[in-house]
S.K.: 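Sharing a structure here in structure tokens format.
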Amino acid sequence: MIRVRRPGKSAAVALVAVQAALVTLVVALGEAGRHVAPFSESSLPVDAFGAVTSMAFAVVGLVIVVRRPGTVIGWLFVLSNLGWDLSNAATAWVEFGLRVAPLPAVPIVAWFATWPGPLSLAVYVLLILLFPDGRAASARWGRLARIAIAWGVVHATLSAIASGPIEALQLEGLDVANPFALPNPAGAIAASLAYGLLELLSVGLITIAAFSLVVRLRRANGVEREQLKWLASAVAVTAVMNILNVPIMIAFTSLADAPPWARAANAILTSGGFLIPIAAAIAILRYRLYDIDRIISRTLTYGFVTALLAAAYLGAFLAIQTALAPLTERTGPLAVATSTLVVFALFAPLRSRMRAIVDRRFDRSRYDAEQTIEAFVARVRDEVDVERVSRELAGTLERTMHPVSAGVWLRETVRSA
């Protein structure tokens, strides 16, 4: 296990306070700029939620540092978004200073938008590789962790000295040159490496790190397996939400001009990152750890049921509207009412059927326990032998709940003469 020599809990508190100041600066400058001269596609809810998500990582890391002071995981959570927070604050400062009102040291601050991002990305790779105990799955994965650190340092260094416009500011429509770039051709070579080969390598590092999480999950047992399930589930949900957000980003190149439902959907689908620190905190602090299988099965159950009911509703609505169109001009209300009744009638049996399928596949232990209990009830329904019922009950408890010991106590009935 990787151990951290105590920099002190006060150091973690100071880092969290710095991040709080940075995200507050981003929100404040963004809101002030929108009031004076709207220049960004972002909005206060989006900026605020991004700040809350970033702080969730830092606060969870602080809690882990306090509760589990010997492991590196807490420090990785504290540091995970520090680079991006610094880059975002620098971007907001430069954007406000160039477009709204003069701010001091804009060229120097612009430099802080060049290099911190790769360091945060390297920390994220380390989090995946070393979760939950600060130890890599094997020596090979440990070497990958060292490669991630080296990649982050080299990428940040080359970005800090690369010549040309600053990429993070270009995304906001600002053409600002790096004030500390090396003169050409050295600066051009640094820019080419930073924005080309190393960017490609970052995709490979993230992919391999995610693969290591799958490998470790398959090999782990006991508490570690449950901890990895929490993190893997949060990462998977976040990935799915980001994929679902892609059509919205393609359909509406500017969210400022998008309809309210698209902005709301984008805000919800981009909020998945908030799940990762919460899942990690639950996993490491082991609060209600073993409910994860039930959470997964219920999420899948209601997700499938919702999709099937939506399809059934749409199909019934179109079928009824098509069938009644020749008979009446007002088919809308009747189609809506009938489709609603169809969905209502399908909900209970569809939920039960889907729940059985999902539990049989994803929550096998609970499914087997329910089947054992149902079989026990069927056997003893007409049984009159108390001793046999007691033995059956004790055996069922052992097979379903796996207690250290099990017994049945029967109260004696005292009959008066």
Side-chain angles (χ1 to χ4, degrees), residues 1-31 44 46-93 105 108-109 111-135 145 148-149 152-153 156 160 227 230-231 234-235 238 271-289:
M1 179 184 297
I2 298 177
R3 297 278 178 178
V4 177
R5 290 193 178 180
R6 294 195 173 194
K9 297 174 185 176
S10 58
V13 173
L15 288 173
V16 173
V18 169
Q19 291 183 66
L22 291 173
V23 298
T24 302
L25 181 64
V26 171
V27 174
L29 289 177
E31 187 63 11
L44 178 60
V46 173
D47 288 346
F49 197 89
V52 171
T53 301
S54 181
M55 289 306 301
F57 280 85
V59 171
V60 165
L62 179 60
V63 172
I64 295 173
V65 167
V66 173
R67 297 288 298 275
R68 302 283 190 270
T71 180
V72 73
I73 292 297
W75 290 100
L76 290 177
F77 267 99
V78 169
L79 295 171
S80 58
N81 284 307
L82 181 59
W84 278 320
D85 290 339
L86 182 58
S87 179
N88 290 336
T91 301
W93 183 276
I108 297 175
V109 173
W111 181 69
F112 287 94
T114 62
W115 55 268
L119 296 178
S120 280
L121 189 58
V123 173
Y124 263 82
V125 174
L126 290 177
L127 266 176
I128 297 174
L129 290 173
L130 303 180
F131 188 85
D133 56 4
R135 184 177 60 217
I149 295 173
V153 172
Q227 290 175 310
W230 275 99
L231 182 66
V235 171
T238 302
S271 65
F274 189 72
L275 300 174
I276 295 176
I278 295 176
I282 294 173
I284 292 178
L285 302 177
R286 302 181 186 179
Y287 172 70
R288 296 181 66 83
L289 185 60

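What you see is a predicted model, and the numbers here were worked out from it, not measured in a lab.
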S.K.: Check whether any side-chain N or O of Thr238 sits under 3.5 Å from a backbone N or O of Ala234 as a donor-acceptor pair, and report yes or no.
M.R.: yes
S.K.: Output, in order, the C-alpha distance, side-chain angles, deciding distance and verdict of side-chain contact (heavy atoms from CB on, under 4.5 Å) for Trp115 and Leu86.
M.R.: CA-CA 10 Å; Trp115 55 268; Leu86 182 58; 4.2 Å; yes
S.K.: Inspect the surroundings of CD1 in Ile108 and state if more than 12 heavy atoms from other residues, nucleotides or ligands are less than 6.0 Å away.
M.R.: no
S.K.: In Å and rounded to the nearest 0.5 Å, what is the CG to CD1 distance from Leu129 to Ile149?
M.R.: 9.5 Å
S.K.: For Ala89 and Leu25, work out which heavy atoms get closest and say how close.
M.R.: CB-CD2, 4.1 Å
S.K.: Between Val23 and Ala51, which heavy-atom pair has the shortest distance, and what is it?
M.R.: CB-CB, 3.7 Å
S.K.: Just verifying a value: how many Å separate Ile278 CD1 and Trp230 CH2, rounded to the nearest 0.5 Å?
M.R.: 10.0 Å
S.K.: Return yes if some donor-acceptor pair links the side-chain N/O of Ser54 with the main-chain N/O of Gly50 below 3.5 Å, else return no.
M.R.: no
S.K.: Hey, does Lys9 have a side-chain heavy atom less than 4.5 Å from the side chain of Leu62?
M.R.: no
S.K.: Measuring from atom CG of Leu15 to atom OG of Ser10, what distance do you get when rounded to the nearest 0.5 angstrom?
M.R.: 9.5 Å
S.K.: side-chain contact (heavy atoms from CB on, under 4.5 Å), that's the test. Do Met55 and Asn81 meet it? Break it down for me.
M.R.: CA-CA 8 Å; Met55 289 306 301; Asn81 284 307; over 6 Å; no
S.K.: Could you pull out the closest heavy-atom pair between Leu127 and Ile73, with the gap in Å?
M.R.: CD2-O, 4.2 Å
S.K.: If you take all heavy atoms of Leu79 and Val123, which pair is closest and at what distance?
M.R.: C-CG1, 4.3 Å
S.K.: So, does Trp75 use its side chain to make a donor-acceptor pair with the main chain of Val65 at under 3.5 Å?
M.R.: no
S.K.: Can you label the angle between the Trp84 ring and the Tyr124 ring as parallel, tilted or perpendicular, going by 30° and 60°?
M.R.: tilted
S.K.: Which atom names give the shortest non-hydrogen contact between Ala113 and Thr91, and what distance separates them?
M.R.: CB-OG1, 3.8 Å
S.K.: For Gln227 versus Ala283, what's the shortest heavy-atom pair and its separation?
M.R.: NE2-O, 3.0 Å
